[in-house]
Amino acid sequence: MHPAAILRRAVDLIFPLRCAGCGAFDTPLCAHCEASLTPAVGPGRCANCTARWSGPEFCPRCYNWNELAGARALYEHEGAARALVHRLKYQRYRALAPLLAQRLAPAAANLPVDGWVAVPLHPSRQRHRGFNQAELLLRLAALPPAPVTLHRTRNTGSQIGRTAAQRAASLAGAFTVQGPPLENLSIGILDDVITSGATIRECARVLLHHGAREVWALAVTRASLELTSQNTVGPPPPSTPTTP
Ligand SMILES: [Zn+2]
Ligand SMILES: [Zn+2]
């Protein structure tokens with residue numbers, strides 16, 4: 001038996017298959033958790049980024065995303081969907097990846113994208129985790145690859161608790177593109193979750209600089225902005241703090 005297969009078998013013995021949402025046995029996602037997922041499509045959502053939004057035009061979460069043609073996601077980032085994305089980072093929940101990839105594939109096919117890239121992890125973080133969950137989803141969904149790859153040259157650490165302006169500042173210059181000029185291609189970026197959008201915007205910026213005609217983003221979940229008194233009146237200025 002291949003060493004990787006032996007390791008997988010060992011992991012299965014130690015960590016039996018469990019629902020990523022609630023821990024029920026023998027399924028990566030039980031019927032109850034499945035039913036609780038909120039699809040990030042349909043009315044009451046921003047046409048540009050799929051965040052919850054019932055107002056006109058683009059929502060406060062994305063109105064200044066000049067780098068992106070649009071962003072889509074499968075589910076609202078809450079409840080069981082939030083747990084799915086979190087657990088996708090752990091080897092023991094790897095049964096989730098093919099399930100989610102299967103759902104991402106038709107969503108990706110709906111976008112006018114010529115080739116896809118995954119949001120990269122910094123090499124030190126990837127070594128620590130053993131794999132990049134976005135890359136794994138990209139491979140399992142069998143999306144057409146872009147002729148370039150993205151690389152993270154700076155370890156930006158956790159973005160949790162940072163304001164939108166702090167996130168953008170920490171990500172500036174964090175990514176590079178390797179490969180031939182994109183010659184007017186439309187490129188898709190795949191990630192596990194879209195929160196403030198700072199990461200996909202910075203990835204889009206370097207892809208446009210590398211010759212892409214336009215850039216789309218797709219993720220498993222989309223975190224909507226919780227409306228507070230600070231941001232209920234019109235779009236916030238770029239420096240306005242947002243919830244993580
Ligand atoms: Zn469950
Ligand atoms: Zn929006």
Side-chain angles (χ1 to χ4, degrees), residues 15-90 92-100 102-103 107 110-111 163-165 167-168 188-189 191 193-205 214-228 230-238 240-244:
F15 303 117
L17 186 61
R18 299 184 77 163
C19 171
C22 69
F25 284 101
D26 299 326
T27 171
L29 181 64
C30 77
H32 174 77
C33 290
E34 172 80 60
S36 75
L37 300 173
T38 305
V41 289
R45 291 196 168 262
C46 174
N48 189 45
C49 76
T50 81
R52 284 198 180 103
W53 177 243
S54 48
E57 300 180 357
F58 296 169
C59 75
R61 200 78 156 138
C62 75
Y63 82 102
N64 62 350
W65 284 7
N66 303 318
E67 306 84 353
L68 286 151
R72 302 289 181 268
L74 299 180
Y75 305 112
E76 178 65 32
H77 188 68
E78 62 185 10
R82 187 195 289 254
L84 293 188
V85 163
H86 178 70
R87 302 215 154 119
L88 192 57
K89 295 180 173 72
Y90 298 93
R92 57 184 284 196
Y93 286 102
R94 65 180 187 283
L96 269 181
L99 181 90
L100 296 174
Q102 204 177 49
R103 298 171 186 201
N110 275 336
L111 295 174
T163 66
R167 285 172 187 228
I189 302 171
D191 207 354
V193 52
I194 299 171
T195 308
S196 71
T199 303
I200 53 170
R201 287 180 69 186
E202 185 58 20
C203 290
R205 195 185 64 76
E214 61 179 19
V215 181
W216 292 82
L218 175 65
V220 177
T221 61
R222 173 72 175 116
S224 296
L225 188 64
E226 300 303 326
L227 292 180
T228 66
Q230 281 182 324
N231 55 35
T232 44
V233 187
T240 298
T242 60
T243 51

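Counting starts at 1 for both ligands and their atoms, in listed order. All values reported here derive from a predicted model rather than from experimental measurement.
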Short side-chain donor-acceptor distance under 3.5 Å, Glu76 and Thr221: no

Check: Leu84 and Leu100 side chains under 4.5 Å, non-hydrogen atoms: yes

Where at least one partner belongs to residues 33-44, residue pairs that pass side chain to side chain donor-acceptor pair (under 3.5 Å), sequence neighbours excluded: Glu34-Arg103, Thr38-Glu78

Partners passing salt bridge (Lys or Arg N to Asp or Glu O under 4.0 Å) against Arg87 (at least two apart in sequence or in another chain): none

For the Zn ion (ligand 2), every protein N/O/S atom that sits closer than 2.8 Å, waters excluded: Cys46 SG, Cys49 SG, Cys59 SG, Cys62 SG

Under 3.5 Å donor-acceptor, Trp53 side chain and Cys49 backbone: no

Derivation and outcome, side-chain contact (heavy atoms from CB on, under 4.5 Å), residues Arg72 and Trp216: CA-CA 8 Å; Arg72 302 289 181 268; Trp216 292 82; 3.7 Å; yes

Min side-chain heavy-atom separation Ile189-Val215 under 4.5 Å: yes

Flag side-chain contact, heavy atom, 4.5 Å: Leu68 against Arg201: yes

Beyond-backbone contact of Pro28 with Tyr93, side-chain heavy atoms, under 4.5 angstrom: no

Every N, O or S from the protein that is nearer than 2.8 Å to the Zn ion (ligand 1): Cys19 SG, Cys22 SG, Cys30 SG, Cys33 SG

